[in-house]
Amino acid sequence: MRTGIRWLLRIVFLLVLAAACGTFIPRPLIAPVEASSAAVMHRILLLSGPIHTDIAIPLDAETRAAFSFLDNTDFPLSHPNAEWLIIGWGGRAFYLETPTWAELKPLPVLRALTIDRSVLHVDLAGPINEPQPTVTAFNVSDDQLVRLRDFISESFVRDAGAVVPIPGAGYGGIDRFFEARGYFNALFGCNTWTAAALRSAGLRTGLWNPLPQALRLSVAVYN
C-alpha cells in the first residue's frame with residue numbers, strides 16, 4: 001500500500017514538474033523578430049475556459065475569403081452581425097458529447113484520457129468585451145495573420161478538396177463541427193493545438209501547455 005502511494009506521489013510530482021517546465025521554457029527558445037511598428041496590425045484573441053481554449057480572429061474580408069471553403073457547407077460565414085471567427089480543436093467524443101458539464105459521460109472522458117479522433121469546432125461571435133480574465137488579446141501583422149489562417153485551414157480534413165462537416169453536430173444554431181487532422185490525447189490535446197496555432201502567428205508559448213492556465217501564463221510571460 002505504501003509503495004503504491006509513493007509511486008503515485010512520484011507520478012504526480014513528475015507531472016507537476018513537466019507542466020512547470022512546459023510553462024516556463026519558451027517555444028521557440030529565441031524570440032522571433034517583431035513586426036515593424038509601422039506595419040498594419042490585427043487583433044486576435046485567446047479565449048480560455050476551465051479546460052479548453054479557442055482562437056478568435058477578426059472576420060474581415062480577408063478572413064471571409066481565406067475561409068470561403070466553409071460557404072460550401074451550411075456554416076453561415078457571411079452572417080452580417082458576426083465580427084469574430086472562433087475556432088477550437090479537440091477530441092471527437094468529448095467535444096461532441098459534452099456540450100455542458102451536466103452532460104459529462106464516462107466514455108468520452110475515457111477517450112479523452114487515451115486517444116481519440118479530432119474535430120474542429122467553428123463558431124461566430126459579435127463584439128467581445130475586453131479586458132476580461134478569459135480573453136487574452138494580441139496584435140499581429142498581416143503576414144502573421146495569414147500564417148495563422150493557413151495553420152487553421154490546414155487543420156481541416158479534406159475529401160476531394162472539400163472540408164468534411166459532421167452532420168447534425170453543433171451546440172447551437174450557428175456553430176458547426178468538422179473532421180480535423182491529427183489525434184487527440186490528454187498530453188497533446190486542444191490546448192497544445194492552440195499553442196501551435198499561436199506560434200504559427202509568430203507568438204511564443206511554453207514548451208508544453210496541456211492546460212489553459214499554463215498556456216495563458218506562458219503567453220503573458222513571453223509576449
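Hydrogens, waters and symmetry mates are skipped; everything else that's a heavy atom, side chains included, is used.
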Which residues satisfy the ring pair (Phe, Tyr, Trp, His ring centres under 6.0 Å) test with Phe156, sequence neighbours excluded?
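Only Phe69, Phe178 meet the ring pair (Phe, Tyr, Trp, His ring centres under 6.0 Å) criterion with Phe156.
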Please identify each residue that fulfils ring pair (Phe, Tyr, Trp, His ring centres under 6.0 Å) with Phe177, with sequence neighbours left out.
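Per chain and number, Phe177 pairs via ring pair (Phe, Tyr, Trp, His ring centres under 6.0 Å) with Tyr95, His121, Tyr171.
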What pair of heavy atoms forms the shortest contact from [X] to [Y], and how long is it?
{"X": "Trp208", "Y": "Leu187", "answer": "NE1-O, 2.7 Å"}
{"X": "Ser78", "Y": "Arg64", "answer": "CA-NH1, 3.2 Å"}
{"X": "Ala137", "Y": "Leu45", "answer": "CB-CD2, 3.6 Å"}
{"X": "Leu145", "Y": "Pro58", "answer": "CD2-CG, 4.5 Å"}
{"X": "Pro165", "Y": "Thr73", "answer": "CG-CG2, 4.2 Å"}
{"X": "Ile86", "Y": "Ala125", "answer": "CD1-CB, 3.6 Å"}

Polar side chain donor-acceptor pair, Arg199 to Thr205, under 3.5 angstrom
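Per modelled atom types, Arg199 and Thr205 side chains form a pair under 3.5 Å.
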Donor-acceptor contact below 3.5 Å, side chain [X] vs main chain [Y]:
{"X": "Asn139", "Y": "Met41", "answer": "no"}
{"X": "Asp159", "Y": "Ala162", "answer": "no"}
{"X": "Ser153", "Y": "Asp150", "answer": "no"}
{"X": "Trp193", "Y": "Phe184", "answer": "no"}
{"X": "Ser118", "Y": "Gly182", "answer": "yes"}

Please evaluate residues Ser218 and Leu215 with respect to the criterion side chain to side chain contact (heavy atoms under 4.5 Å, CB included), reporting the C-alpha separation (whole Å), side-chain torsions for both, the decisive distance (0.1 Å), and the verdict.
CA-CA 5 Å; Ser218 71; Leu215 177 56; 4.1 Å; yes
Should [X] and [Y] count as side-chain neighbours, where that means a heavy-atom distance under 4.5 Å?
{"X": "Phe75", "Y": "Leu124", "answer": "yes"}
{"X": "Leu148", "Y": "Val140", "answer": "no"}
{"X": "Leu203", "Y": "Ile44", "answer": "yes"}
{"X": "Asn191", "Y": "Pro210", "answer": "no"}
{"X": "Ile55", "Y": "Leu198", "answer": "yes"}

Summary of salt bridge (charged side-chain N to carboxylate O under 4.0 Å, His left out) pairs that have at least one residue in residues 163-185, sequence neighbours excluded:
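Those involving residues 163-185 are Asp74-Arg176, Arg92-Glu179, Arg117-Glu179.
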Test side chain to side chain contact (heavy atoms under 4.5 Å, CB included) applied to Ile51 and Phe94, step by step
CA-CA 12 Å; Ile51 63 170; Phe94 196 93; 4.0 Å; yes
Qualifying residues under side chain to side chain contact (heavy atoms under 4.5 Å, CB included), relative to Thr63, sequence neighbours excluded
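For Thr63 the side chain to side chain contact (heavy atoms under 4.5 Å, CB included) partners, ignoring immediate neighbours, are Ile57, Leu59, Asp60, Phe67, Leu85, Arg149.
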Restricting to side chain to side chain contact (heavy atoms under 4.5 Å, CB included), what partner residues turn up for Ile115, sequence neighbours left out?
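Here the qualifying residues are Tyr183.
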Applying salt bridge (charged side-chain N to carboxylate O under 4.0 Å, His left out), can you list everything that pairs with Arg43, at least two apart in sequence or on another chain?
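Partners of Arg43 under the salt bridge (charged side-chain N to carboxylate O under 4.0 Å, His left out) test: Glu130.
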Drop me the distance from Cys190's SG to Leu120's CG, to the nearest 0.5 angstrom.
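Going from SG on Cys190 over to CG on Leu120, the span is 12.0 Å.
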